[in-house]
Amino acid sequence: MADIEIKGFKLPQVGLGTWQLTGRDCTRLVGQAIALGYRHIDTAQMYGNEAAVGEGVRASGKRNEIVVTTKVQPERLLPADLIRSVKESLSRLRFDHIDLLLIHWPNPRVPLADTLGAMAKLKQDGFVTAIGVSNFTVALLAEANRVTTEPLVCNQIECHPYLDQSKVIAATRSHGMAVVAYSPIAKGSAAGDRVLEAIAETHGKTAAQICLRYLVQQGIVVIPRTSKVERLEQNIALFDFELSELEMARIAKLAQPQGRMVDWAWSPKWD
Ligand SMILES: NC(=O)c1ccc[n+]([C@@H]2O[C@H](COP(=O)([O-])OP(=O)(O)OC[C@H]3O[C@@H](n4cnc5c(N)ncnc54)[C@H](OP(=O)(O)O)[C@@H]3O)[C@@H](O)[C@H]2O)c1
């Protein structure tokens, strides 16, 4: 599987999402994913599964080959809170460093320069290899890149065929950052979609694979989540076929005004 290289940091283009995976099941699945070739695992303080993810990664014996992302909760973005929370993440993961640390959601009550300053300090002190953001809009990306002292490598955003994210994707790229797609199979609803199923049949693939291929073919990093081993294998087998321009255009037409699936009271004003 290809890595995306951003500002000197290498991020494998397919990772395992772990939201809602917990305990032994989570540890086992992380181990199975790594055995199948996954080299990128996505967790967050909010998911309550850092200990289980860390155990799966350590048990694989491949810690040094794996990029583990975790994300700081929006209510812990003041510098002292952030530093404490990341040290807590490290002890739950039982790691000596986090590969990629993200701001999970923006928090308008905390100056971005303060949060990013604390993240830069963690990076300089060796606790974190790279830093980035999640759920950032065009305006927030501009501000973050203006005030940060360390390069920001990605913006993790909701991204699938049902949602037009072209503005924020263009802005992310204009700052030299990678786009990481969360909910990349639209929380499972790609399976059963008539257009995706029809294209899948011509390639001998599943609709979920067509959906993921649509994103990776645009240079986007994807972090699908599954609780099933057979799907783990499927979700990484995306590099032995190609979608035509016509197929890409057909899939792009699935975008809908109401296509957003992840939206909370604390969400920023979306582009
Ligand atoms: N930064 C953020 O704010 C944010 C927000 C949301 C998510 N995320 C991250 O992104 C990851 C992925 O997003 P997500 O969990 O929302 O949704 P997703 O990956 O788009 O979809 C997960 C759903 O799809 C099903 N599925 C997985 N592979 C499949 C396949 N090959 N065929 C058919 N169905 C399949 C899964 O069911 P089974 O388990 O039954 O396979 C599950 O119900 C999360 O786990 C998390 O790490 C980040």
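Order of listing sets the numbers, starting from 1, for every ligand and every atom in it. We number each residue from 1, following the sequence as shown.
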E201 CD: over 12 foreign heavy atoms closer than 6.0 Å = no
ask   = Should P184 be counted as touching ligand 1, given the test is an N or O pair under 3.5 Å?
value = yes
ask   = With atoms numbered from 1 as shown, which atoms in ligand 1 lie under 4.0 angstrom from a non-hydrogen atom of G188?
value = 21 (O), 23 (C), 24 (O), 25 (C)
request  = Specify side chain, backbone, both or neither for S134, according to which of its non-hydrogen atoms lie closer than 4.0 Å to ligand 1.
outcome  = side chain
key: 4.0 Å heavy-atom contact, T206 with ligand 1   = no
key: Per-atom contacts, ligand 1 versus A208 - under 4.0 Å to a heavy atom   = 30 (C), 31 (N), 32 (N)
Quick one: side chains of residues 257-264, donor-acceptor pairs under 3.5 Å with protein atoms, not counting sequence neighbours, listed by atom name and distance.
{"from": "D263", "atom 1": "OD1", "to": "S267", "atom 2": "OG", "distance (Å)": "2.8"}
{"from": "D263", "atom 1": "OD1", "to": "W270", "atom 2": "NE1", "distance (Å)": "2.8"}

ask   = Are more than 12 heavy atoms from other residues, nucleotides or ligands located less than 6.0 Å from atom CD of E197?
value = yes
inquiry  = Tell me if the NZ atom of K121 is crowded by more than 12 foreign heavy atoms within 6.0 Å.
reply    = no
inquiry  = Polar contacts were defined as any N/O atom of the residue lying under 3.5 Å from an N/O atom of the ligand; does this apply to K71 and ligand 1?
reply    = no
ask   = Any side-chain donor paired with an acceptor under 3.5 Å for S89 and E50?
value = yes
inquiry  = Taking 4.0 angstrom as the limit and counting only heavy atoms of Q234, give me the atoms of ligand 1 inside it, by number and element.
reply    = 30 (C), 31 (N), 32 (N)
